[in-house]
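Below is one structure, written out as structure tokens, with a few remarks after it.
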Amino acid sequence: MTQQEQQEFMESLEAALSWMRAIQERLKANDNTQGPLDALEGRLRETEKIHQSEHEGRVKMDMALVAAENLLQSGDEELRTHTHTKLKDLKGLWEETSTYIIHCHSRIEWVWLHWGEYLKAYEEFELWLTSRQRGLDVAVELQLGVKEKLWQADQQRVVVSDIHGQAALLERLLDEAAALHNRTQDPSVEPQAQERLQEAYNDVRDRAEERLSLLQKIAEEHQMYQGCVQRFQSWLLSKTKELTDLMERKDAAENKLRALQVLDDSVASEEKTLQHIEGVAEAVRGNTSPSGAEMVMEEAEELRLGWQRLRQGLCESEEGLRSSLDSHSQYMARCQRLGEDIGQLRVLLQGLDQELEEGRNARGRTDRTEEQMVGQWRKYTGVRNTLAGEESQVELLKAQLKELFRFSQDSRHLSDDVLAVVKEHQSVKCRATRLCSESESGLRNVLHDPLLVFAQWSHMVSQVLEASAEVTDFSHIAMLVQGIERLLKGSVQLQERLSLLQVKGDLLTSLFGPEGSDSLQSELSGAIRNRELLHAQLLQRKSRLQGLISRTKDFGDAQELIRSKLAALQDHLVATDGLQPDILAKKSQSDQFRVILKDLEDCEAHITALETLVSSSQSNRAQFERLYAEWKHLHKAARVKVHESEESIADHESFHDSLLNIEKWLMIMKQKLESFHSPPGEWSIEGRQHEAERALGEFPEKELQLQQMEVQGQGVLERTSEEGRVHIQRDIKRLRESWLALYNTSLNLHRYLKYLVFSDTWRVGGLSADREVGEGVMTARGGRIQGHGEGHLILAGQDYEHVSPSRSGGDRGRSFRGDQVDSSAWRIRSRAGQREASTVTGCTGEYTSRRREFEAWLSKENKLLSGIFSSKGATLSDKEVKTRQDTLRALRAGVGWGQEQFQLLLQESPGSEDVSLEELRYHWMLYKSKLKDVGDLRSRASAKPGLWKRVCRLALPLWLLLLALLLLAFLLPLMDGNSCSLSNNFARSFNVMLRYEAPPPT
């Protein structure tokens, strides 16, 4: 029994020992914290399994203890000692193994937990770092204004503070990473990874601090800009007030001028400040949102405009003072400067004109080469470009002259010089443009002419070859041989011209461009090849036809054939000749004449061929000469008939077009004049006086056209048959009747307009206030010239007889009926008188007298207008303003008559190149421009008082309304009875207060 128990003990002991040894081996294999996290987790799971299997070892231990109890109870001391020793060793090993399991598992588990916490903190830090990096990667958002920029800087400051706050967490992470690296030696927590994390953090921190600095700089820059703007605005207001006080101060003009100069210097010196503000604004605009940048630029522009307005106000004030002190010196300086500019421009124009004259003289020669034409074209182009560049100088001269008209001195001599130099500039410019276009066109034609000649030559060659294919008649053969010889000569000339043109590639490129030059070169190559082919064919055909001519010897038959043909053509010419009724018949007759002329020209070749058959016989020579003389006489007669028929057709068409144009104008003008009639039949031109004057101003020109049309009609009647004359005379008669009816209506309207102008002048006191102006207008209007053609008004010295009742206070009616025309006041010229009047109108004496009258009237009107200009800057009383308004009204009323007289002068001008008439035109346009620029004197004189009146009218009702509201505020608390509000009703009327319905507490 004891032996069996001992054996069981030994077996259980051995099992327990073997388990412990196996566990220790496993623990030794897993007792390691180094390596990656995955390996550590595997060892942790293994130690956890070992820790969980500890109860198995305890069972084996208990089994060994149970087996040892029986042995310990035995009487064998040695056995018990041996058993105690074995148990002691077993228990020691168990304690060691159990402790080892706990320590190993705890150590690995602690490292694993430590690593997990580190990774969680590291991931959170990485997320935070990534978010900050993304936020910093986004560009700085531009803000609207300084307030938003300060908010943005504060927000970035919070971000920087948060980044600095994360430094402690980063330090802990780095310490934990160092500790983990000491335990695990894992590459993820090695020092390089720690350095990369530290560098990423430092990069985020530095970028955030840089952005904060940038935002602070942007905000400070915007604050500085706003401060500069506010200071500059305050400075502008102070300087504007200073300027106003200076101008309102009663002091000598010299003292004011000195003070203005000092003030202007101080204002001008601030331009650097303004430029600095504009530079800062440009920098601020680059760091501001689009809408904010627009506001910044508007502020800067407003400052610039304010500064410019201040400078302009200073300049205007200074100019006003200087003009009152040294107006004459300014005028002389301007005149001198204008004279120098005119002289310089005139010298330049003379030089350019001399170049054009030299080029034109060279152009007049017929032996010019292409190189000369190219050089001339380039010279003309340079002159034209120079003149185009001088347009600004001409406009500057006009502006300077206009500035001189502000002075009271007479600037007529300078205006004449300006007019002359402007005309000279326009003349030289037109000539240069024309010569440039002509030279370019001529050069193009010269270069392109060989190809055109070749096209015509090739077409003629094709016709000759086709016509000479199967010919048997002698005359045709001779004519064809003659034509072939001419074509062969032309072929030789063409060969030379085409060869010369082929080597001029650079010239073609410069004139036609690259594409045009290539196209021309290809066309030229094809023309050269075709010419060689056609030349060879002509030589072959010529030899064959000459062989046929050598076999022909019949002179008499050929002569009779040509003579019979000439007789037939002469009969045809006589039959076709005669007057025709209309344009279509005349064109048909002209076509028949051309056909006859073409047939006669074809007969010339037959006669030339006949000359080759003339032998030594004198009779044949005499017959040939008579035949040639007959042909020459008939050819000349046919050519004359063609020319006469073409002239007749052109005159008839011109007459017909003139007739239609005048009929169309009569119809339109009739409708226009009828529009000035009111329904009762009276004239009504209220608000349309200028339109009526323009309509009446068209009559003199159309009257001249009517006369020209009738003269054309007489020539057409002489070349028209009786059948066609009836229709033409009927049309002329109908047109004359329509003209007389319309002209009668226009006379009534003209008389009514004169009555209105005179009545307005008399009614406003213009005749008494400025009798000289009224008499000038009446004299000018009363001096109408008699005899302007058929239907023109001839005054009988009763221009204003119908207006005199209005002077005495009689009939003041302002309307005439269309049929109220005094037949005793004018008469209509007859047709014969019309022709005589046309001759008299063109007379030099009448033209000179009319022109002198117009120049005297214009000079008088100009003096009156200059007087009004000279008094424009002075302070005028109401009476003086009214007088000058009446004068202006009379001057404007005379513009219509002056325009009519000027148109008559243009029509009666003896020549188209009358320089003095162009000068008169310039003075007339200048006078109308000055009269238009005067404006309304009353509005100028009363502009400032009118503003104060409007301000007072607006302010008085507002003050009354405010007083009424204040009174109502005082009266409202009286309806509350006994309350505390009565003691504070004034404050309660403006502030929200609690109501207390009781006696006062004190």
Side-chain angles (χ1 to χ4, degrees), residues 225-281 298-338 399-400 402-409 411 868-877 880-881 933-935 937 939-952 955:
Y225 166 73
Q226 281 195 340
C228 293
V229 169
Q230 292 175 358
R231 289 192 297 273
F232 197 82
Q233 287 176 346
S234 302
W235 177 82
L236 280 178
L237 291 175
S238 64
K239 293 300 178 181
T240 304
K241 187 175 182 300
E242 186 176 350
L243 174 61
T244 305
D245 296 340
L246 178 62
M247 297 308 297
E248 292 179 354
R249 186 174 61 194
K250 294 182 179 179
D251 198 353
E254 293 82 359
N255 298 335
K256 285 187 177 181
L257 186 58
R258 284 193 294 270
L260 275 177
Q261 289 176 350
V262 174
L263 183 59
D264 185 52
D265 293 338
S266 65
V267 172
S269 63
E270 289 296 321
E271 186 176 5
K272 295 182 179 179
T273 304
L274 182 60
Q275 292 175 353
H276 171 70
I277 294 175
E278 290 175 345
V280 175
E298 288 179 357
E299 287 180 352
E301 291 175 358
E302 186 64 30
L303 290 181
R304 169 64 69 175
L305 291 176
W307 182 80
Q308 290 177 351
R309 284 194 295 267
L310 181 58
R311 286 298 305 276
Q312 185 178 2
L314 287 169
C315 292
E316 291 176 355
S317 301
E318 186 174 355
E319 286 180 2
L321 292 174
R322 288 186 181 278
S323 63
S324 62
L325 292 174
D326 54 354
S327 176
H328 182 70
S329 61
Q330 288 186 7
Y331 174 76
M332 295 304 296
R334 290 175 183 268
C335 288
Q336 183 179 1
R337 185 167 63 252
L338 180 59
Q400 291 178 357
K402 190 173 182 180
E403 289 293 328
L404 289 179
F405 286 131
R406 296 191 298 107
F407 299 94
S408 58
Q409 288 84 350
S411 305
I868 295 176
F869 264 104
S870 61
S871 62
K872 237 168 67 173
T875 303
L876 304 175
S877 62
E880 292 175 339
V881 170
D933 292 338
V934 173
L937 291 175
S939 61
R940 296 171 183 264
S942 60
K944 190 171 181 180
L947 177 63
W948 285 108
K949 289 181 180 178
R950 288 195 296 272
V951 170
C952 294

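Quick note: numbers below take in every heavy atom, side chains included, and nothing from hydrogens, waters or symmetry partners. The structure presented is a predicted model; accordingly, all values stated were derived computationally and were not measured. Starting from 1, each residue takes its place in the sequence as its number.
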Measuring from atom [atom1] of [X] to atom [atom2] of [Y], what distance do you get when rounded to the nearest 0.5 angstrom?
X: L260; Y: L314; atom1: CG; atom2: CG; value: 6.5 Å
X: L310; Y: L263; atom1: CG; atom2: CG; value: 6.5 Å
X: D264; Y: R311; atom1: CG; atom2: CZ; value: 4.5 Å
X: M247; Y: K256; atom1: CE; atom2: NZ; value: 5.5 Å
X: L246; Y: K239; atom1: CG; atom2: NZ; value: 11.0 Å
X: Q226; Y: E299; atom1: CD; atom2: CD; value: 6.5 Å

Task: CA sep, side-chain torsions, deciding dist, call: Q400, R334, side chain to side chain contact (heavy atoms under 4.5 Å, CB included) - done: CA-CA 8 Å; Q400 291 178 357; R334 290 175 183 268; over 6 Å; no
- [ ] Taking only Lys NZ, Arg NE, NH1 and NH2, and the carboxylate oxygens of Asp or Glu, determine whether R249 and D245 approach each other closer than 4.0 Å.
- [x] no
Open item on the list: Any donor-acceptor pair under 3.5 Å linking the side-chain atoms of Q312 with those of E316?
Closed with: yes
TODO: Determine which pairs satisfy ring-ring contact (aromatic ring centres under 6.0 Å, His included) with at least one residue from residues 234-262, sequence neighbours left out, and list them in order.
DONE: F232-W235
Task: Y225 versus A281, closest heavy-atom pair with distance - done: CE1-CB, 3.6 Å
TODO: Over all heavy atoms of both residues, which pair between G313 and L243 is shortest? Give the atoms and the distance, please.
DONE: C-CD2, 4.1 Å
Open item on the list: Tell me which pairs pass salt bridge (Lys or Arg N to Asp or Glu O under 4.0 Å) where either residue lies in residues 269-281, with sequence neighbours left out.
Closed with: E271-R304, E278-R304
Task: Verdict with supporting geometry, R258 and N255, side chain to side chain contact (heavy atoms under 4.5 Å, CB included) - done: CA-CA 5 Å; R258 284 193 294 270; N255 298 335; 2.2 Å; yes
